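One structure is given here, and the rest of the page talks about it.
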Amino acid sequence: MPQIFSVPRLLINRLRDVMAGDMEADTRLQKVVTLIAGTMIADVCSIYKRTETDELELVATEGLALSAVHQTRMALDEGLVGQIALSGEPLSIQDAPRHPAFSYRPETGEDPYHAFLGVPILRGGRVIGVLTVQNRTERLYEEDEVDSLQTIAMVLAEVVAADAPTQPSAPDPRESRSVTLRGRILGEGLGLGPARLHDPIVSPARYFTEDPDAEALRLRRALRQLQASIDRMLTSDVSAIFGEPREVLEAYKMLASDPVWAARLEETVRSGLSAEAAVDRSRREHRNKLDNAADPYLRERMHDLEDLDNRLLRVLSGGDAAGTADGGGEGGEVLIARRLGPAELLEYRNSGLAAIILEEVAPSSHAAIVARTLGIPTLGGVTGASAAVSPGDQVIVDAEEGTLHVRPDQDLLDAYATRSLMRTERQAAFQALRDQPSRTRDGEEISLMLNAGLALDLETMDKTGADGIGLFRTEFQFLVSDTLPKMDSQIGLYRQILDYAGNRPVHFRTLDLGGDKILPNANRGDEENPALGWRSIRFALDRPGLFRRQLRALVRACEGGPLSVMFPMVTKAEEFLEAKALLMKEVEWSVAHGFTPPCEIRTGAMLEAPALAFALAEIADEADFISVGTNDLMQFFHAADRMVPAVSERYDFVSRPAMRFLDMIQSECRKYDLPVSVCGEIASHPLEALCLIALGYRSLSMPAAGIGPVKRMLRSVDLSVFVPEFRAALSGRSPDFRNEVLSIAALQKIALKDS
Ligand code: PEP
Ligand code: MG
């Protein structure tokens, strides 16, 4: 069998020359296909480019009729070429005309060709064209031939995107045009700045190498650096807290030391491509497989592999392997990422970002909560953002409307300036309310508290005039560091919070790990439904060593002052009682060791699992308060994953079922004399908060941004007038409850809107 693809290095060198040459777009592509066909002893080589109207247009060919260039156009799902474009996968066929998807185009004169190989041309994760070779003889192309053609397609991507005008000629949308994309608001606000991509990109200028030997050495060094960084993770004590973390990390290490991976990368480098281009090629393959994998386990593995590619690219570009925030950020930039975990996001906390764009994330996920905590305007679910934006592009993030404007025109920039001014004025108006009592017009006092999790949240307590911290998410300290925080640093943080709060209450929520809050470098294992899995208090009770260290730190941090602790996701009474007993043991321990115990201890349960609503009687004598965590409670109540916007946004909080359930919880708590508050993010929305106070809740805890708008709302309400009408609507049957409540509020001139 002829080794038709055995000389890619020569081809790569020649391609480099053609790409560097100064010539017309069509001429360049024509030279490219001639080169590929000639070097690879293929009878035909063609490039099809995806047009703006989503057709595939033949833009260059060697072997087919030249008169068909710019004439032959196929629908995206038409023929073998269409199949490749749709699937994003290579396709090799022994006898193409006999294939059911084959679409015969007489104008191309392709009758005599049987063997067919096509690969997608991918750019920014999107198929922008298809590269094919054909031979007269019937044969199946070898795996390394497919591989080589994919490498060539990667090198060609920039040329095809930039060079080949389709008919009628249309500019590449990514180059200059302003584009608007939509997303979900995760952190409210407005931001303007140059784009910075989280996933490293390889510039086309760095695609080739003059000296493959030196490049291979560079690659090997980078691989060693990558492996060393994983070794460091392995030796950190993070691995001590999960069941089989070592194995998980070992598996990660194995992937990074995989000789096949290294050999493939080196082989690509030896063909004349740079180390970055080789890794980029590997990343494209993994991303493609990730996009096409339905199986969650496989997706996770592909994500690990893609993560490794990214880490290696960062090492090659001179950063560290983890390299997120601290390196390179100039401040004022807009970060664009496919997805970020809460820990990765926190790494950006000191980078002065103007805004964050995430392609994949749900509004109540912890990544989103972290984004809000950081006070950075953030949009999630902005599909295609990384593909539409180039680094340095000017972008406006409108996290009031939920839009991302890429390369905005002057009108948009002017509108942004006006809106930004209005926003500043609005913030000033909220600021003026800071020292006003949070009291309804008819004199009901409502306590407005802050949801916090980091020392950097503390300032917002003074800025907003919050009455205290209703929820302090202690796990954030664990999520931000590479190793488990030592007891001293836990005590240090808790003390800092208590000192700052002074007389204002602070409710510490004990470690809420699991679900989407996974420690760096620790895998959640293979749970199918992490939200329903080994998490929160379940995890803590099964890891008493870790849990008791935290309880000890909390007890010691008080230094004789009062302590308020709540346990996350209590589902049955026994869990609460067991957790409280551990806390009490720690109090005894501290007395026995000469530390001053807290002068007062209050313990609470977070009501996040519906079952607890029916077990309040059983904890009423032991619990001092209940905190309703609506983020989790609503996902379980509606059976709708809070991480999946397509379902989590489907069910309205302001609906009779949710209201009736919360009404029941409130009256059960009243029955057992249990103080109750709500600490889900929903309490920061004026309408939702209005419903909660109408149901009788008198304490709401929320992100800082909600305090101003909610205080403004409640100061405009007369509950003695609103509640009867709200109750009547609740017991009614009208189809649109939300609108009914909105109309009642509007008639009573309740301040729900921003202005
Ligand atoms: C909740 O579930 O409502 C809650 C406050 O906890 P978290 O969002 O941290 O899970
Ligand atoms: Mg929760």
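Atoms within a ligand are numbered from 1 in the order they appear, just like the ligands themselves. Note that the structure is a prediction, hence the values are computed from the model and not measured.
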Practice task
Take Glu688 and Arg738, measure what salt bridge (Lys or Arg N to Asp or Glu O under 4.0 Å) needs, and give me the verdict at the end.
Solution key: CA-CA 10 Å; Glu688 283 74 357; Arg738 169 177 280 264; 2.8 Å; yes

Practice task
Before giving the answer on salt bridge (Lys or Arg N to Asp or Glu O under 4.0 Å), spell out for Glu681 and Arg473 the whole-Å C-alpha distance, their side-chain angles and the decisive distance to 0.1 Å.
Solution key: CA-CA 13 Å; Glu681 314 295 298; Arg473 293 182 164 103; 3.0 Å; yes

Exercise for the section: Test Gln635 against Asp632 for side chain to side chain donor-acceptor pair (under 3.5 Å), laying out the working first. Expected result: CA-CA 5 Å; Gln635 81 165 338; Asp632 274 313; 2.9 Å; yes

Exercise for the section: For Lys572 and Glu575, run salt bridge (Lys or Arg N to Asp or Glu O under 4.0 Å): C-alpha distance rounded to whole Å, both residues' side-chain angles, the deciding distance at 0.1 Å, then the answer. Expected result: CA-CA 6 Å; Lys572 56 178 184 173; Glu575 288 167 344; 5.5 Å; no

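Ion pair Lys580/Asp624 not flagged as a salt bridge, since none of the NZ, NE, NH1 or NH2 atoms sits closer than 4.0 Å to an Asp/Glu carboxylate oxygen. For Arg698 and Glu445, the salt-bridge test fails: no basic side-chain N is under 4.0 Å from an acidic carboxylate O. Remark: Glu586 does not engage Arg556 in a salt bridge, criterion side-chain N to carboxylate O under 4.0 Å.
With a 4.0 Å heavy-atom cut-off, ligand 1 is reached by no atom of Glu681. The parts of Asn631 lying near ligand 1 are both backbone and side chain, judged by heavy-atom distances below 4.0 Å. At a heavy-atom cutoff of 4.0 Å, ligand 1 is contacted by no atom of Gln635, backbone or side chain.
Listed by number with element, the atoms of ligand 1 under 4.0 Å from a non-hydrogen atom of Leu471 are 5 (C). Those atoms of ligand 1 with a heavy atom of Cys679 less than 4.0 angstrom away are 5 (C). Near Asp632, with a cut-off below 4.0 Å to any heavy atom, the atoms of ligand 1 are 1 (C), 2 (O), 3 (O), 10 (O). For ligand 1 and Gly680, the ligand atoms under 4.0 Å from any heavy atom of the residue are 3 (O).
Nearest-heavy-atom check against atom 1 (C) of ligand 1 across Glu608, Arg509, Met606 picks out Glu608.
Taking distance alone, with nitrogen or oxygen atoms compared against 3.5 Å, Arg535 stays at or beyond that limit from ligand 1. Backbone and side-chain nitrogen or oxygen atoms of Leu633 are examined, and none is located within less than 3.5 angstrom of a nitrogen or oxygen of ligand 1.
Residue Phe539 is tested with Phe547, Trp534, Phe567 for a ring-ring contact (aromatic ring centres under 6.0 Å, His included); the sole match is Trp534.
Looking at Asp632 and the Mg ion (ligand 2) together, the shortest N, O or S contact belongs to OD2.
Ligand 1 is never approached by Met569 to a heavy-atom distance shorter than 4.0 Å.
The closest side-chain donor-acceptor pair between Glu359 and Ser386 falls under 3.5 angstrom.
Between the Mg ion (ligand 2) and Glu608 there is an N/O/S contact shorter than 2.8 Å.
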